[in-house]
Amino acid sequence: MEQVRTQAIGDFLSRIADEISISETMQKKAVASYEAVGRYLDEGIDYQIAIMPQGSMNLGTTIRPLSDADDGYDIDLVCLINNSNLELSDIKNIVGDRLKASARYSGKIDSEGKRCWTLHYDGFHMDILPCVPRYVRFLKPTNTDIKLTHKVGVKQYIPKYSNPYQYQRWFESCMENVLVSMREAYANSVCCSVDQVPTYVIRTPLQKAVQLLKRHRDIYFMDNDADSPISIIITTLAAHAYSGEIDLYDALQHIIRKMPQHIEKRDNKYWIPNPTMSDENFADKWNESPSKAEAFQKWINQAQIDLVEAPLTCFGIHNFRAAFGKCLGEAPASRVAAGYGTQAKAAADRDSLGIRRGSGLLTSQTTSSGVIKTERHNFYGE
């Protein structure tokens with residue numbers, strides 16, 4: 001009975017994750033847009049460049065904005081310039097000056113950010129990170145440690161280092177078995193090779209768990225954004241905590257319980273090391289503002305209640321919709337509930353409607369031992 005209930009909870013949560021994911025249409029639009037930017041930069045910059053997605057876009061953990069008034073999805077790109085001898089200011093301005101010179105992009109570009117140039121599109125914004133190889137030159141962009149510029153004052157920059165593609169490979173390794181099987185299934189469905197399936201089109205339990213936690217965070221910290229944990233912290237801790245669970249509810253409960261165990265203390269300072277570049281501390285801001293660490297612990301405790309404990313007391317679609325609507329958003333929860341209703345009507349028309357024992361959710365899987373088949377009603381008054 002308990003397994004039937006948790007599977008039902010996992011199914012509802014999985015559908016919410018689908019609702020808050022970037023749509024296929026927007027995904028294609030974003031890819032076409034960054035490819036166009038890449039071609040434009042390549043044509044006007046004297047050095048070999050490579051422009052590639054990074055962050056949540058590459059990991060398959062992008063989520064919709066909370067409000068339609070927001071300018072939408074955040075698409076992160078690396079613009080890697082193959083000249084490690086460039087001055088820090090030149091690394092930044094070669095890309096910015098080229099974008100400002102374009103009739104197409106000059107109206108979209110923001111003023112200079114600390115690390116990126118931001119282009120605003122209808123429905124999303126694109127953060128372009130100019131950088132160069134950390135070590136002399138690159139042979140293959142996705143194998144290159146990068147040096148980027150961090151602006152600390154007017155025309156003042158300091159170097160920072162990263163490797164977003166090693167991080168992507170690490171993230172994928174944390175869900176390797178599940179990812180491989182889902183990639184194979186996807187490749188078969190669209191008749192392509194497994195190597196041609198990017199991570200961002202797959203939705204493993206880990207990816208969906210990260211999306212749900214990011215959405216729960218957005219709502220929880222709606223009135224206190226300053227203490228909100230950054231996405232890379234959530235993603236890293238969740239990946240460390242994931243143990244290959246297939247069911248989303250099982251994955252979430254294990255992840256939420258284990259995430260705090262991967263927060264280190266070094267010399268009385270908080271450390272969440274980049275798993276592919278150990279000298280980078282994702283929690284460095286926590287040491288500047290200890291309230292951030294306290295806020296994280298309070299938030300993860302609330303996520304445990306909202307996503308793991310409270311759903312076990314829910315029975316029926318309306319209760320699931322109400323519970324998850326409060327912590328994950330009324331709109332996606334309502335769309336999921338409506339989807340169950342549409343599915344139930346179609347199943348009833350086929351005389352294959354059932355109710356899951358222990359959860360009260362409707363289903364068309366009437367042959368399962370955990371389902372009670374409903375009797376067909378013809379509404380003839382007899």
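Hydrogens, waters and symmetry mates play no part in the numbers below; they use all other heavy atoms, side chains included. Given the structure is predicted, the values throughout are model-derived calculations rather than measurements.
- Annotation: the span from I49 atom CD1 to N82 atom CG amounts to 11.0 Å, rounded to 0.5 Å.
- Side chain of N163 to main chain of Y165: a donor-acceptor pair is present (N/O by atom type, distance under 3.5 Å, no hydrogens or angles).
- Using a 4.5 Å heavy-atom cutoff, the side chains of M277 and D145 are in contact.
- Within a 6.0 Å sphere centred on NZ of K100, other residues, nucleotides and ligands contribute more than 12 heavy atoms.
- Not less than 6.0 angstrom separates the ring centroid of W271 from the ring centroid of H262.
- D227 and S291 share a donor-acceptor pair across their side chains, judged by distance under 3.5 Å alone.
- More than 12 non-hydrogen atoms from other residues, nucleotides or ligands lie less than 6.0 angstrom from CZ of R257.
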Would S334 and R321 satisfy side-chain contact (heavy atoms from CB on, under 4.5 Å), going step by step from the backbone distance to the final call?
-> CA-CA 6 Å; S334 295; R321 186 206 62 75; 3.8 Å; yes
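- K285 NZ: 12 or fewer foreign heavy atoms inside a 6.0 Å radius.
- Here S162 contributes atom OG and N274 contributes atom CG; the two are 6.0 Å apart, rounded to the nearest 0.5 Å.
- A distance-only check finds no donor-acceptor pair linking the side chain of S289 to the backbone of W286 [under 3.5 Å].
- A side-chain donor-acceptor contact under 3.5 Å links N93 to the backbone of S89.
- Cluster annotation: I16 is connected to I246 through the hydrophobic network of ILVMFWY side chains, with a link wherever side-chain heavy atoms come within less than 4.5 Å.
- Taking the ring axis of Y157 as reference, the NZ or CZ atom of K92 does not stay both within 45° of it and closer than 6.0 Å to the ring centre.
- Atom CZ in R215 sits 11.0 Å away from atom SG in C327 (nearest 0.5 Å).
- Side chain of N58 to main chain of P53: a donor-acceptor pair is present (N/O by atom type, distance under 3.5 Å, no hydrogens or angles).
- Linking Ile, Leu, Val, Met, Phe, Trp and Tyr whenever their side-chain heavy atoms come within less than 4.5 Å puts W170 and I230 in one cluster.
- I128 places a side-chain heavy atom less than 4.5 Å from the side chain of L99.
- Side chains of E264 and P273 form a contact here, defined as non-hydrogen atoms less than 4.5 Å apart.
- Looking at T236 and Y167, their side chains do bring a donor and an acceptor atom within 3.5 Å of each other.
- Between R183 and E172 there is a side-chain heavy-atom pair separated by less than 4.5 Å.
- Under the 4.5 Å side-chain heavy-atom criterion for grouping Ile, Leu, Val, Met, Phe, Trp and Tyr, I256 is not connected to I305 through any hydrophobic cluster.
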Test side-chain contact (heavy atoms from CB on, under 4.5 Å) on T149 and I158 and set out the steps.
-> CA-CA 6 Å; T149 64; I158 59 174; over 6 Å; no
Are Q302 and D306 close enough, and set up right, to give a side chain to side chain donor-acceptor pair (under 3.5 Å), and what steps lead you there?
-> CA-CA 6 Å; Q302 190 62 48; D306 292 341; 3.0 Å; yes
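- In summary, the side chains of S21 and R203 do present a donor paired with an acceptor at a separation below 3.5 Å, with no hydrogens or angles considered.
- Remark: R98 is positioned above the aromatic ring of Y40, its terminal NZ or CZ atom under 6.0 angstrom from the ring centre and at most 45 degrees off the axis.
- Both Y47 and L88 are assigned to one and the same hydrophobic cluster, defined by single-linkage of ILVMFWY side chains at heavy-atom distances under 4.5 Å.
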Please test R335 against E330 for salt bridge (Lys or Arg N to Asp or Glu O under 4.0 Å), starting from the C-alpha separation and ending with a verdict.
-> CA-CA 9 Å; R335 288 195 295 268; E330 294 290 345; over 6 Å; no
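- At least one side-chain heavy atom of K298 sits less than 4.5 Å from a side-chain heavy atom of Y220.
- A side-chain donor-acceptor contact under 3.5 Å links S243 and K258.
- Judged purely by distance below 3.5 Å, without hydrogens or angles, the side chains of D76 and Q54 never pair a donor atom with an acceptor atom.
- Between the side chain of S181 and the backbone N or O of V178, at least one donor-acceptor pair lies under 3.5 Å.
- The pair K214-D218 does not count as a salt bridge, with every side-chain nitrogen at least 4.0 angstrom from each carboxylate oxygen.
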Might you work through the side-chain contact (heavy atoms from CB on, under 4.5 Å) test for E280 and K160, ending with a clear yes or no?
-> CA-CA 9 Å; E280 181 178 12; K160 296 284 184 177; over 6 Å; no
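- Within the model, atoms OH of Y121 and OG of S33 stand 5.0 Å from one another, a figure rounded to the nearest 0.5 Å.
- Within the cation-pi definition used here (under 6.0 Å to the ring centroid, within 45° of the axis), K29 does not qualify as a partner of F124.
- Within a 6.0 Å radius of CD in E87, other residues, nucleotides and ligands contribute 12 heavy atoms or fewer.
- Between K208 and S14, the side chains place a donor N or O and an acceptor N or O closer than 3.5 Å (distance only, hydrogens not considered).
- Defined by atom type and a distance below 3.5 Å, a donor-acceptor pair is missing between the side-chain atoms of Q207 and Q211.
- You'll find the side chain of Q48 stays beyond 4.5 Å of the side chain of N83, heavy atoms only.
- A side-chain donor from one of N301 and Q297 sits under 3.5 Å from a side-chain acceptor of the other.
- Considering every non-hydrogen atom in both G329 and I219, the closest pair reads N-CD1, 3.3 Å.
- Looking at E24 and K28, a side-chain N of the basic residue comes within less than 4.0 Å of a carboxylate O on the acidic one, giving a salt bridge.
- Using a 4.0 Å cut-off between charged nitrogen and carboxylate oxygen, K155 and E112 do not count as a salt-bridge pair.
- No donor-acceptor pair under 3.5 Å is formed between the side chain of D90 and the backbone N or O of L86.
- Atoms OH and CD1, on Y34 and I75 in that order, are 9.5 Å from each other to the nearest 0.5 Å.
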Yes or no on ring-ring contact (aromatic ring centres under 6.0 Å, His included) for F320 and F315, after CA distance, side-chain angles and deciding distance?
-> CA-CA 7 Å; F320 278 96; F315 189 88; 8.6 Å; no
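- None of D18, V336, L212, D247 except one satisfies the side-chain contact (heavy atoms from CB on, under 4.5 Å) rule with L13; the exception is L212.
- A distance-only check finds no donor-acceptor pair linking the side chain of T235 to the backbone of I232 [under 3.5 Å].
- Y105 has its side chain within reach of L119: a pair of non-hydrogen atoms, C-beta onward, lies under 4.5 Å apart.
- Side chain to side chain, S56 and T62 meet the donor-acceptor criterion of an N or O pair below 3.5 Å.
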L213/W299 under side-chain contact (heavy atoms from CB on, under 4.5 Å): CA gap, chis, key distance, verdict = CA-CA 10 Å; L213 288 168; W299 164 67; 4.2 Å; yes
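- Between the R217 side chain and the P229 main chain, a donor and an acceptor come within less than 3.5 Å of each other.
- The side-chain heavy atoms of L312 and Y249, taken from C-beta on, include a pair separated by under 4.5 Å.
- Annotation for G10 and L248: closest pair O-CD2, 3.9 Å, computed over non-hydrogen atoms.
- The distance from the OG atom of S231 to the CG atom of D74 is 8.5 Å, given to the nearest 0.5 Å.
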